[in-house]
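Both counts, for ligands and for their atoms, begin at 1 and track the order of listing.
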Amino acid sequence: MRLVMKFGGTSVGNAERIRAAAEIVRKYRGEETLVVTSAMSGVTDRLVEISEKVLNGVDEGYIKNFIKYLENKHFKALKEINSSENTEFFNEISDMLSELEKVLIGVSYVGELTPRSRDFILSFGERLVAPLVSAAIEKSGVKSGWYTGYEAGIVTDQNFGDATPDFEETAERVNSILYPRLKEIVPVVTGFVAADFRGRITTLGRGGSDYTAAILGSVLEADEIWIWTDVDGILTADPRLVEDARIIKEISYIEAMELAYFGAKVLHPKSIEPAMEKGIPVRVKNSFKPDSPGTVIVNEQEKTNDIVKAISIKGNAVLLTVSGVGMIGVPGVAARVFKALADKKVNILMISQGSSEANISMVIDQGDIDNAVIALKEEFIGANIVRDVNYNEDVSIVAVVGTGMKGTEGVAARVFKAISDAGVNVVMIAQGSSEVNISFVVGSEDAGKAAKALHREFIET
Ligand code: ADP
Ligand code: ASP
Ligand code: MG
């Protein structure tokens, strides 16, 4: 069996966890196995934080302390994993840290952080861990080596911060670089990190290690992709919001895709499609309890009586409303709105237009709000069409997902009754939700309440 196994942040969070990951690889690997690793948990967040801090100017002592923090964390783990001093690994990590230090000092001097330099900084989280995971695998008696995503052959566009691979080129490169090695070693590849055609480092969006695993699984035509994380699989709701969330044994690609798109952090939204296209089963498993079965994502799930599979919540969203009586009966306003936003790379998560045509509402990510407002102001300035651009800063999308809803009558009525009984106000409902998903918007303060009420209505009973 050809397997791609991805270990998430908590699963490689310290020496003990890295050793546990190596043990999992030793025990469960197929004849050919490839490992993808995330950064240690919390490290990418710290890299994001420091890249923003240095931009506003900090002294070199601050940067040195940060480098010391990373050094302690990774050297400590390396020592515990590989007690016989392995200077080669120590040197590699040292070199990376001094490179990072130089970049951070550079950013603080220049006072400019481009998306490209930000990606370069963020890449260190995964790059510092891959040698450790590889060392632990070697220590357990299995031959290994490590690669950055780019060295492994993943080539992306230049959309820094949220890059997409060129699958054709990637397939060619990965199959000539990694494929021949699979027979001899277990390669460890940095998740999340790749590079464009010119070799400039790109990242695949937060949580992107899952995507790396899916990309590599797809181009190598793996038999299965296993995502090792810190929960028992895909659950019926985010366990941080709904205590009684349960494990889903089997779920379809479409359902998993909808859940991931609407905020189930356990999988990166883009990580399902490559697997689905090739029909590769994806398993989500708990690295703390490797023997428990976890969730399997497949094409056609076993017949169940479930109408709703799971509830997910996507927070940190903004409801943006464009309005003006001048919009009534003027053709092409919606098209102009969407084009202006697309040109500024603002991703629209949900759309709704009132039948009066006097307004269009959209949900976007909080991080896109400045670009969105600028884009709309530029597009409509002086034109007597759009009068107002308003936004409601803290909303969440609630999604109710399940293929069983297809053709079942009265589901929407039950959804909205449960929500209203819980005293939650619905801010917006999307037009044309897909048949496997009903989604709507609530104030973020109500998101947990909404998730609990729906979980009770559809899953606990
Ligand atoms: P990793 O570092 O392993 O990729 P993540 O933190 O990215 O881990 O994703 C796992 C987390 O996703 C879980 O700890 C859980 O809190 C959260 N989560 C949100 N929704 C779900 C869900 N429906 N099922 C499972 N986990 C979920
Ligand atoms: N380390 C990256 C992040 O925190 C990628 C990942 O964990 O999948 O976003
Ligand atoms: Mg993740």
Can you produce the list of protein nitrogen or oxygen atoms under 3.5 Å from a nitrogen or oxygen of ligand 2, alongside each distance?
residue: ligand 2; atom: 1 (N); partner: T44; partner atom: OG1; Å: 2.8
residue: ligand 2; atom: 1 (N); partner: E126; partner atom: OE2; Å: 2.7
residue: ligand 2; atom: 4 (O); partner: T44; partner atom: OG1; Å: 3.4
residue: ligand 2; atom: 4 (O); partner: R206; partner atom: NH2; Å: 2.9
residue: ligand 2; atom: 8 (O); partner: G207; partner atom: O; Å: 3.3
residue: ligand 2; atom: 8 (O); partner: G208; partner atom: N; Å: 3.4
residue: ligand 2; atom: 8 (O); partner: S209; partner atom: N; Å: 3.0
residue: ligand 2; atom: 8 (O); partner: S209; partner atom: OG; Å: 2.9
residue: ligand 2; atom: 9 (O); partner: R206; partner atom: NE; Å: 2.6
residue: ligand 2; atom: 9 (O); partner: R206; partner atom: NH2; Å: 3.4
residue: ligand 2; atom: 9 (O); partner: G207; partner atom: N; Å: 2.8

Under a 3.5 Å threshold, I'd like every N/O contact between ligand 1 and protein atoms, with atom names and distance.
residue: ligand 1; atom: 2 (O); partner: G9; partner atom: N; Å: 2.8
residue: ligand 1; atom: 3 (O); partner: T229; partner atom: OG1; Å: 2.7
residue: ligand 1; atom: 4 (O); partner: K6; partner atom: NZ; Å: 2.9
residue: ligand 1; atom: 6 (O); partner: K265; partner atom: NZ; Å: 2.9
residue: ligand 1; atom: 8 (O); partner: T229; partner atom: OG1; Å: 3.3
residue: ligand 1; atom: 12 (O); partner: V266; partner atom: N; Å: 3.4
residue: ligand 1; atom: 14 (O); partner: D230; partner atom: OD1; Å: 2.8
residue: ligand 1; atom: 16 (O); partner: R240; partner atom: NE; Å: 3.1
residue: ligand 1; atom: 23 (N); partner: L235; partner atom: O; Å: 3.1
residue: ligand 1; atom: 24 (N); partner: L235; partner atom: N; Å: 2.9

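- When side chains are defined from C-beta on, L349 counts as touching N347, because their heavy atoms get closer than 4.5 Å.
- Residues that satisfy the ring-ring contact (aromatic ring centres under 6.0 Å, His included) test with Y211, not counting sequence neighbours, are H268.
- A cation-pi arrangement, defined by a distance under 6.0 Å to the six-membered ring centre and an angle within 45 degrees of its axis, is absent between R127 and F192.
- Side-chain contact check for T236 versus V242: every heavy-atom pair is 4.5 Å or farther apart.
- You'll find the ring centres of Y28 and W228 inside the 6.0 Å limit.
- Put simply, the side chain of I234 reaches to within 4.5 Å of the side chain of L267, judged on heavy atoms.
- Smallest separation of non-hydrogen atoms from K270 and D162: NZ-OD1, 3.5 Å.
- Taking the charged nitrogens against the carboxylate oxygens, E49 and R46 do have a contact shorter than 4.0 Å, which makes a salt bridge.
- For F416, the ring-ring contact (aromatic ring centres under 6.0 Å, His included) test picks out F440, with sequence neighbours left out.
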